[in-house]
Amino acid sequence: MGLRERVMAAYDAGEGGSRAIAARFGVSGAFVRKLLMLRRQHGSIAALPRRRGRKPKPAEKQLDRLCWLVAEKPDRTLGETRRRLRLPVSISTLSLVLRKLGFT
């Protein structure tokens, strides 16, 4: 029996709340609550599959704003540019986009 099953068996047997069960098994309370949520939502405590695929790319409107920001102040760092754009992309993605746009 795996850790997830042992944790849930103890919880189902009423051996304590999520904090007590977490302390007993050396896991966080959030882990126990996550297992409860998984079972409630999916009917299983198995780990969800990892999301795969490409990360979102900036849209055309965002690319226009990116070009404008770089033209406005070319010595701005990638981190500063990303903060100004308010985009959920990594700095390496931003660097690749700028290279493809001809800003090297």
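Nothing here was measured: the structure is a model prediction, and the numbers come from that model. Hydrogens, waters and symmetry mates play no part in the numbers below; they use all other heavy atoms, side chains included.
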Test side chain to side chain contact (heavy atoms under 4.5 Å, CB included) applied to Arg39 and Asp12, step by step: CA-CA 12 Å; Arg39 185 170 67 175; Asp12 292 339; 2.7 Å; yes
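- Hydrophobic clustering (side-chain heavy atoms under 4.5 Å, transitive across Ile, Leu, Val, Met, Phe, Trp, Tyr) groups Phe103 together with Ile91.
- Between the side chain of Arg76 and the main chain of Leu69, a donor-acceptor pair closer than 3.5 Å is present.
- Atom CG in Leu36 sits 11.0 Å away from atom CD in Gln41 (nearest 0.5 Å).
- Nearest approach of Leu35 to Arg4, heavy atoms of both residues: CD2-NH1, 3.4 Å.
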Side chain to side chain contact (heavy atoms under 4.5 Å, CB included), that's the test. Do Leu78 and Leu98 meet it? Break it down for me.
CA-CA 10 Å; Leu78 290 172; Leu98 286 171; 3.5 Å; yes
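- If you chain together hydrophobic residues whose side chains sit under 4.5 Å apart, Leu101 and Leu85 fall into the same group.
- The heavy-atom pair separating Ala46 from Leu38 by the smallest distance is O-CD1, 4.0 Å.
- Here Ile45 contributes atom CD1 and Glu5 contributes atom CD; the two are 4.5 Å apart, rounded to the nearest 0.5 Å.
- The two atoms that bring Ala22 and Gly29 nearest to each other are CB-N, 3.6 Å, heavy atoms only.
- Between atom NE2 of residue His42 and atom CZ of residue Arg40 there is a gap of 10.5 Å, rounded to the nearest 0.5 Å.
- Here CG of Leu48 is found 7.0 Å from NZ of Lys34. Values are rounded to the nearest 0.5 Å.
- Considering every non-hydrogen atom in both Ile21 and Gly16, the closest pair reads CG1-O, 3.7 Å.
- Here the OG atom belonging to Ser44 is positioned 10.5 Å from the CE atom belonging to Met8, to the nearest 0.5 angstrom.
- The OH atom of Tyr11 lies 10.5 Å from the CZ atom of Arg33; values are rounded to the nearest 0.5 Å.
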Fill in: Verdict with supporting geometry, Lys73 and Arg84, side chain to side chain contact (heavy atoms under 4.5 Å, CB included)
CA-CA 12 Å; Lys73 188 174 179 187; Arg84 294 283 305 260; over 6 Å; no
